[in-house]
Amino acid sequence: MIRKERRKRKEGGVEEEIDFKSIEKKWQEEWEKNKIFEVKGAREKKKYYVLEMFPYPSASGLHMGHALNYTIGDIYSRFMRMQGFNVLYPMGFDSLGLPAENAAIKAGKNPRGYTEKAIKNFIKQMKELGLSYDWSRVIETHKPEYYKWDQWIFLKMYEKGLAYRKKAPVNYCPKCKTVLANEQVHNGKCWRHKDTDVEIRQLEQWFLKITEYADELYKGIDKLKGWPEIIKKLQKNWIGKSHGTEILFEVIKPEGKKESWKIFTTRPDTIFGVTFMVISAQHPKLMELVTKEQEEKVKKFLKKIKSVSEKEMEELEKEGVFTGSYAINPVNKEKIPIYAGNFVVADYGSGMVMAVPAHDSRDWEFAKKYNLKIKEVISGGNVKERAFIGEGVLINSGQFSGMKSERARIEISKFLEKKKLGKRTTEFRLKDWLISRQRYWGTPIPVVYCEKCGVVPVNEKDLPVELPEKVKFGEGNPLETAKNWVWVKCSKCGWKARRETDTMDTFVNSSWYYLRYTDPKNNKEIFDKKKSEYWMPVDQYIGGAEHACMHLIYSRFYYKFLRDLGMVKGDEPFVNLFNQGLLHGEDGVVMSKSRGNVVLPEEVSEKYGIDTARLFLVSQASPDKDISWDENGIEGSLRFIKRVFDFVVNFESGKTSELVESKLNKAIKEITEDIKNFRYNLAVIKLREFFDNIPEEEISKKDFGTFLKLLSPFCPHIAEELWHKLGNKTFISLESWPKDGKINEKLLKEEKQIERIVVDIRNILKILEGRGEGGRVVKIFAIPSEISLYEKGKEKIEKKTGLEVKVLSIKDAKKFGEKVVKAKPGKPGILIG
RNA sequence: GCGAGGGUAGCGAAGUGGUCAAACGCGCGGGACUCAAGAUCCCGUCCCUUAGUGGGUUCCUAGGUUCGAAUCCUAGCCCUCGCACCA
């Protein structure tokens, strides 16, 4: 019945074009008008919190790459919503930061106006993508109502001694004119200016003591069951925990003064093999160790290593120079020379290492170069050829000689502990978080410097410390140019005080924003505890892998801090993490404005409809893989959508057969699992597979509606439109997700068998055609038990092959005397004539 | 160097012990429709052979385990990403 209808239309030859634009607009307006995506903390419903990493709102707007990111989360949210969860799916903007400031300076404008315009544009574009955000919960980090709470957290950290100031060698980017965090330095270059070397400067800076949580952050990684293994590995590497022993070495300084240095080593078993010490060339106390005789040489050396460019740094040879000072090995009282070296990291351990050239390849290299003693203390290698870093038996090690190295590590540590010459410790690669930025467009650090009282934190009731509007951009820190803002009265003594003019790193803003979504408009407190307890933790976090180390560690740190403050429950903010792949342009390179290969959603939407684009983006590959934009590919998605649309336009409700019902139930079952596990690509295939079967069968309105529900997370506008075309009055977006029912496997198997015979018949026909022969009738000789099966499928076979079908028993085949008619179970004999 | 991931038909991409010559999409070829093109629909798409069959060679390379491997193990090659002298 349906087939006939379709054929008739084809004869008419008029294809109705789908007006994507007005369909999209219509439903976006309906959704908004009816506030269907706004959520309340309904306790009777189970909550589910889906979150995408919020974007920095750039003026250039969204491109297809962003569309992919958000579509992945939107599909998930829509799916979970239909599954009956109370879904929190918010969006906001990480709107403070260098790019806005730089762009605004370029345009000669204040970053605020610039940023707010960009946000407006972002929201418009996001709405056009059909994303089902709760727009009543938008947060913008540049608003004082938001960053007030950044400042509040800072004050709490200050109270607890977790925010502190210290002079430290810092990374300074001459282009950004600001200090960078370690994480923002990539291979010695600025993360934003890949061609700019980062300089080292000594400044007073604010730090957050993330290292206080280093061990917990490290240990907690294993409990993150819903996180990708790769991210967990990256974090572990980043935090870099290593066990070892801190050994006290006596250092004899030039004037003969003695000083105790804690030297960290993971190999205390090699202590008897120490033949020299190396202090980092960047160490602030280096010059204290340099004797007059060596001063010139050391200075020359420092100058030299400063001038090497980053490229050379990579294959840099170990270099150093003698400082003139000595240290005393605590176990055998040997006097050992201290060198300054370029391969020692200043802020790891104490910035000085004990060198055991026989058993460490770096030390070995250095010793060879400067002709230093190599003393073998663990047997098993050939230390004249290379360092032996493996395990073995100790030699030349006093009372420890003859002991196995693994055991010696413990015994020597114990020995040192007993003599109070050392202790076993754990070192972390993770360093405290430097948050000071000499920039305007960030959260002001809420402290003042009083001439009498020194550092005075701003009172909580005086928050927020708002960014002044009137500043001059140019060299250095713009906030210093706002004189009226800078000079205030000290809240303690009333004397003249100067505000801190540094602002906070933007990663501060993104370290807790997920909590603010739970209560975005609260102006009394950072968030209502009850509300955050209902929604937290984030059940599904979605974002790029590039944030593995910075944002995702900082957020975990903040969450733990707030927990210790009694603000939140639980130890981790994000239960499940999904890393989506990147979209590449047609040139195969990651889509980006600077590359110039962007595809704009507006343009795609105009041409194909946004649902088509959404469908295409997730059907290319598993969403965690990178994919490429492909005009041909999206045509394929368009074809599918057109077919579905077409089908509904000409829809005539029929009776769903048991076979179709089985297929539908199977589709429901599989698609549900696929979406749940982010296998969107496979879900789409199953949608297509099911739909491709319908035109040959009848289906009821209700059951076709079920198909539309399955389609709706991917193509929400089209699904909504067709749902209504079928006569439904509700929003499909709020319908409940279909439950799978009975699947008659036998029927499905039988159908496969029919399909197989159709292929067989076609093959024969083709061969016959090649010979110039043909036939109108096909005789199927089945084994007795299968006769009824083919009898049932007769009509279908006739339709598909265009031949008249006669089903006979194989026992009758002999009458035809043909050797071609052999029959096996599942493979009846065939005779075409 | 270390760590992680990966190499599947012309391309993209599923599949991770038998049901695999291997889903699906794109591309390509053929057919229907059309005056024609496009769109649409149907069929095909590793090679040879054939009345639906049978055979051969495949899932980076080379070995191995197994009754049986794209799937497991070993070695090697290549690609991508992360860390990069952390003592």
Side-chain angles (χ1 to χ4, degrees), chain A residues 6-7 9-11 13 15 17 186-188 228-234 236-238 240-242 244 263-267 270 277-278 280 313-318 341-356 359-363 365-366 427-431 545-546 548-549 616 619-622 625-628 630-637 639-640 642-643 646 679 681-682 684-689 692 695 752 756-771 773 775 778 780 800 802 818-822 827-833:
Chain A
R6 303 196 79 212
R7 200 171 285 150
R9 268 193 72 251
K10 239 192 286 166
E11 279 157 12
E15 285 282 331
E17 280 296 321
H186 298 313
N187 295 324
E229 286 304 317
I230 317 154
I231 301 292
K232 293 202 267 185
K233 270 264 157 58
L234 284 173
K236 277 195 173 178
N237 281 346
W238 194 265
K241 186 178 182 176
S242 48
I263 306 296
F264 180 75
T265 179
T266 53
R267 294 294 302 270
T270 63
M277 309 289 284
V278 188
S280 168
M313 198 80 149
E314 276 171 30
E315 58 254 15
L316 194 66
E317 226 181 285
K318 316 236 166 317
N342 63 347
F343 66 98
V344 176
V345 179
D347 48 2
Y348 182 79
S350 61
M352 196 194 299
V353 300
M354 55 176 235
V356 185
H359 305 291
D360 181 285
S361 28
R362 292 157 304 192
D363 300 345
E365 217 180 290
F366 193 85
E427 271 294 316
F428 291 95
R429 199 181 152 277
L430 184 74
K431 289 159 193 131
E546 68 274 17
C549 291
F616 166 71
S619 52
Q620 276 302 91
S622 169
K625 294 232 165 107
D626 289 0
I627 56 164
S628 289
D630 173 20
E631 285 288 322
N632 283 324
I634 195 169
E635 295 272 1
S637 297
R639 272 197 281 274
F640 175 68
K642 274 186 174 164
R643 282 216 311 275
D646 223 37
R679 293 185 302 243
N681 53 329
L682 301 184
V684 171
I685 285 168
K686 279 150 200 167
L687 278 169
R688 296 180 92 120
E689 197 180 3
D692 286 345
K752 274 213 180 108
R756 211 173 300 138
I757 198 171
V758 166
V759 171
D760 286 350
I761 293 168
R762 277 189 190 135
N763 276 336
I764 300 170
L765 276 176
K766 207 169 161 190
I767 291 160
L768 289 179
E769 210 178 291
R771 292 184 191 157
E773 296 171 30
V778 54
I780 295 173
K800 292 207 168 190
E818 293 284 343
K819 57 174 183 270
V820 288
V821 290
K822 292 170 280 185
K827 216 165 209 353
I830 296 168
L831 183 62
I832 295 173

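Order of the sequence lines sets the chain letters (A, B, ...), proteins ahead of strands, with each chain counted from 1.
Across all strands shown, B/A75 forms a Watson-Crick or G-U wobble pair with B/U61, both key distances being under 3.5 Å. Pairing of B/A22, defined by two Watson-Crick or G-U wobble distances under 3.5 Å, is not identified with any nucleotide. Nucleotide B/G68 forms no Watson-Crick or G-U wobble pair with any nucleotide shown, as no partner meets the under 3.5 Å limit on both distances. B/U80: Watson-Crick or G-U partner is B/A4, with both key distances under 3.5 Å. Judged by Watson-Crick or G-U wobble contacts below 3.5 Å, the nucleotide B/A14 has no partner. Across all strands shown, the partner of B/A32 is B/U40, judged by Watson-Crick or G-U wobble contacts whose two distances both fall under 3.5 Å. The nucleotide B/C85 finds no pairing partner, because no Watson-Crick or G-U wobble arrangement with both distances shorter than 3.5 Å includes it.
Position along RNA chain B of the nearest nucleotide to A/Arg756 versus A/Met352 favours A/Arg756 as the more 5'-ward residue.
Rounding to whole angstrom units, CZ of residue A/Arg688 and C1' of B/C24 are separated by 8 Å.
Cation-pi geometry between A/Lys318 and A/Phe343 is met: the NZ or CZ atom falls under 6.0 Å from the ring centre, inside 45° of the normal.
Checked against B/U53, B/A51, B/A87, the side chain of A/Lys827 finds its nearest nucleotide in B/U53. Counting only heavy atoms from C-beta on, A/Asp760 has its side chain closest to B/G52 among B/A4, B/G12, B/G52. Of the listed nucleotides (B/G52, B/A23, B/A87), B/A87 has the atom at the smallest distance from the side chain of A/Thr266. Ranking B/C85, B/A87, B/C24 by closeness to the A/Ile685 side chain, first place goes to B/C24. In the set B/G44, B/A14, B/G3, the nucleotide with an atom closest to the side chain of A/Ala621 is B/A14.
Side-chain atoms of A/Ser242 and A/Phe264, non-hydrogen and from C-beta on, do get closer than 4.5 Å to each other. Side-chain atoms of A/Leu831 and A/Val778, non-hydrogen and from C-beta on, never get closer than 4.5 Å to each other.
Comparing the P positions of B/U66 and B/U61 gives a spacing of 23 Å, expressed to the nearest Å.
Distances shown here put every side-chain N or O of A/Arg429 at or beyond 4.0 Å from the OP1 or OP2 atom of B/A87. Within the 4.0 Å cut-off from OP1 or OP2 of B/G27, at least one side-chain nitrogen or oxygen of A/Asn632 is found. Residue A/Ser242 has a polar side-chain atom (N or O) positioned under 4.0 Å from OP1 or OP2 of B/A87.
Using a 4.0 Å heavy-atom distance criterion, A/Pro828 is classed as a base contact. Here A/Ile832 lies in heavy-atom contact (under 4.0 Å) with a base. At a threshold of 4.0 angstrom between heavy atoms, the contacts of A/Ile761 with the nucleic acid are absent.
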